[in-house]
Q: 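I have a structure here, written as structure tokens, and I will follow up with some questions on it.
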Amino acid sequence: YGGSVALIVPGIIFAIGMVLYPFIAAIDGKRGMSALVTSYWQTYGNKLKVFWILVVTGLFVFAVMIGSMVLSGVLIATSIVVFQTMTMKVIFIAPILVANFLFILFIVIPFSAIPKYILYKEIQSKARDIDHTFKVKKEKMFSVFVVIGFIIFTLILVSSVLAPTM
């Protein structure tokens, strides 16, 4: 258990490096490991900036979602007080829940990608100057680190499962 806690910070750093992956896959047309490596190395040197953009975006999305849920709760509570029959309550409550779900799914979540896209465009404009031979060497090294990390994670997971039985 204690050893797996030490993987939290490297996991966050790794996740920050992968934040551009969807844009690289969709816009640049790269797939698989190539897109992951490109994302990781394009965020190299920008990880703190990416982290704060993700934190601010996440807090904004969280606040909007909480506000949406509070508004839905107020409308539902009002409908419970106003309508006397169960049928009217259900008829009024269901659209509120569906509208809240659709608002979050089709408005909040897509808009949360806008800061990441802006970051992608900014980094892309700077990334054109990067030497691509450097990337090829780093891609091989990155693949080795991914395999080693997977082996270490598996060993920690197996040892934590087997430890209580010993």
Q: Should Phe60 and Phe106 be counted in the same cluster of Ile, Leu, Val, Met, Phe, Trp and Tyr side chains packed under 4.5 Å apart?
A: no
Q: State, to 0.1 Å, how close Ala35 and Lys30 come at their nearest heavy-atom pair, and which atoms those are.
A: CB-O, 3.8 Å
Q: What is the distance from atom OG of Ser72 to atom CZ of Phe103, rounded to the nearest 0.5 Å?
A: 9.5 Å
Q: Would you find a donor on one side and an acceptor on the other, under 3.5 Å apart, between the side chain of Ser68 and the backbone of Val64?
A: no
Q: Which pair of non-hydrogen atoms, one from Ile24 and one from Tyr120, has the smallest distance, and what is that distance?
A: CG1-CE1, 3.9 Å
Q: Are Met69 and Ile76 connected, step by step, through hydrophobic side chains (Ile, Leu, Val, Met, Phe, Trp, Tyr) whose heavy atoms are closer than 4.5 Å?
A: no
Q: What closest approach, in Å, do Lys116 and Leu20 show between heavy atoms, and which atom pair accounts for it?
A: O-CD2, 4.1 Å
Q: Are the side chain of Ser39 and the backbone N or O of Gly17 linked by a donor-acceptor pair below 3.5 Å?
A: yes
Q: Looking only at non-hydrogen atoms, find the nearest pair between Thr57 and Ile53 and report the distance.
A: OG1-O, 2.7 Å
Q: Does any non-hydrogen side-chain atom of Phe62 lie less than 4.5 Å from one of Val108?
A: no
Q: Please round to the nearest 0.5 Å and tell me the distance separating atom CZ of Arg31 and atom CG of Leu36.
A: 11.5 Å
Q: Is there a side-chain hydrogen bond (donor to acceptor under 3.5 Å, both in side chains) between Lys47 and Thr43 once you walk through the steps?
A: CA-CA 6 Å; Lys47 290 207 182 359; Thr43 57; 3.2 Å; yes
Q: In Å, rounded to the nearest 0.5 Å, how long is the span from CE of Met65 to CD1 of Ile104?
A: 4.0 Å
Q: Think Lys121 forms a cation-pi with Phe23, using NZ or CZ under 6.0 Å from the six-ring centre and within 45 degrees of its axis?
A: no
Q: Transitively linked via ILVMFWY side-chain contacts under 4.5 Å: Ile66 with Leu102?
A: no
Q: Could you tell me the separation between the CG atom of Leu54 and the CG atom of Leu119, rounded to the nearest 0.5 Å?
A: 8.0 Å
Q: Nearest 0.5 angstrom please: Glu122 CD to Lys49 NZ, how far?
A: 3.0 Å
